[in-house]
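A quick write-up on the structure given underneath.
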Amino acid sequence: LAKSPPEQLPAAQAVAGVVPFLPLEDDVEESLPVYDFLCELLESAHAAVAPHAGAILAAMGVAALNDRTPAVAMSRMSRCVAHLSSHYAAQLQAVVGSVSDEARTGLEKLAGRGGQ
């Protein structure tokens with residue numbers, strides 16, 4: 001799924017199929033393509049991610065605290081959080097306020113990287 005070009009995937013089905021497996025802990029090598037796909041959808045405000053935005057962002061926060069998450073995936077998630085913060089600040093704050101303390105800490109870590 002993560003290796004398919006995003007334009008060839010039925011986004012709603014792909015997101016619904018991936019979200020239950022987040023955060024990726026056992027197969028961190030898949031983290032970049034999966035989080036890249038999800039970030040593309042979040043950044044474009046794709047309708048398929050709307051019902052899952054909180055779960056996706058919470059998973060990204062938890063993944064940010066996992067030492068095994070590849071640096072390139074961390075950078076991608078950080079850019080995504082920076083984009084969301086600059087374009088959808090109020091919505092992002094609402095989501096951040098609703099996630100676990102662990103996820104919130106990870107999202108703050110991603111935000112602190114300044115998109116890097």
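Along the sequence shown, the residues carry numbers beginning at 1.
- Listed here is the closest heavy atom pair of A63 and Y35: CB-OH, 3.7 Å.
- There is no path of hydrophobic side-chain contacts, each under 4.5 Å, that joins L65 to L32.
- Between the side chain of S85 and the backbone N or O of V81, no donor-acceptor pair lies under 3.5 Å.
- Following chains of ILVMFWY side-chain contacts shorter than 4.5 Å, one cannot reach V62 starting from V95, and the two form parts of different hydrophobic clusters.
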Exercise. Is there a side chain to side chain contact (heavy atoms under 4.5 Å, CB included) between M60 and L42 once you walk through the steps?
Worked result: CA-CA 12 Å; M60 287 171 48; L42 284 167; 4.2 Å; yes
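- Here the closest heavy-atom approach between residue H52 and residue A48 is recorded as CD2-O, 3.5 Å.
- Among all heavy-atom pairs drawn from G106 and A64, the shortest one is O-CB, 3.6 Å.
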Exercise. Side chain to side chain contact (heavy atoms under 4.5 Å, CB included) between M77 and T69: does it pass, once the steps are laid out?
Worked result: CA-CA 11 Å; M77 292 186 295; T69 300; 4.0 Å; yes
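- Of all the heavy atoms in Y88 and E43, the pair that sits closest is OH-O, 3.9 Å.
- Listed by chain and residue number, nothing satisfies the side-chain contact (heavy atoms from CB on, under 4.5 Å) test with P51 (two or more places apart in sequence, or in another chain).
- Both L92 and I56 sit in one connected hydrophobic cluster of ILVMFWY residues. Membership requires side-chain heavy atoms under 4.5 Å apart, directly or through other members.
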For this session: Evaluate salt bridge (Lys or Arg N to Asp or Glu O under 4.0 Å) for E40 paired with R79, printing each intermediate quantity in order.
Result: CA-CA 11 Å; E40 284 181 27; R79 287 192 312 274; over 6 Å; no
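- The main-chain N or O of L110 is found under 3.5 Å from a side-chain atom of S78 such that the two form a donor-acceptor pair.
- Comment: E102 does not engage K109 in a salt bridge, judged by the lack of any side-chain N to carboxylate O separation of less than 4.0 angstrom.
- In this structure, A55 and V19 approach most closely via the heavy-atom pair CB-CG1, 3.9 Å.
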For this session: Assess whether side chain to side chain contact (heavy atoms under 4.5 Å, CB included) is satisfied between L57 and V99, documenting all intermediate values.
Result: CA-CA 8 Å; L57 287 165; V99 298; 5.6 Å; no
Exercise. Checking side chain to side chain contact (heavy atoms under 4.5 Å, CB included) for the pair L22/V34: CA distance, chi angles, key distance, verdict?
Worked result: CA-CA 10 Å; L22 297 177; V34 168; 4.2 Å; yes
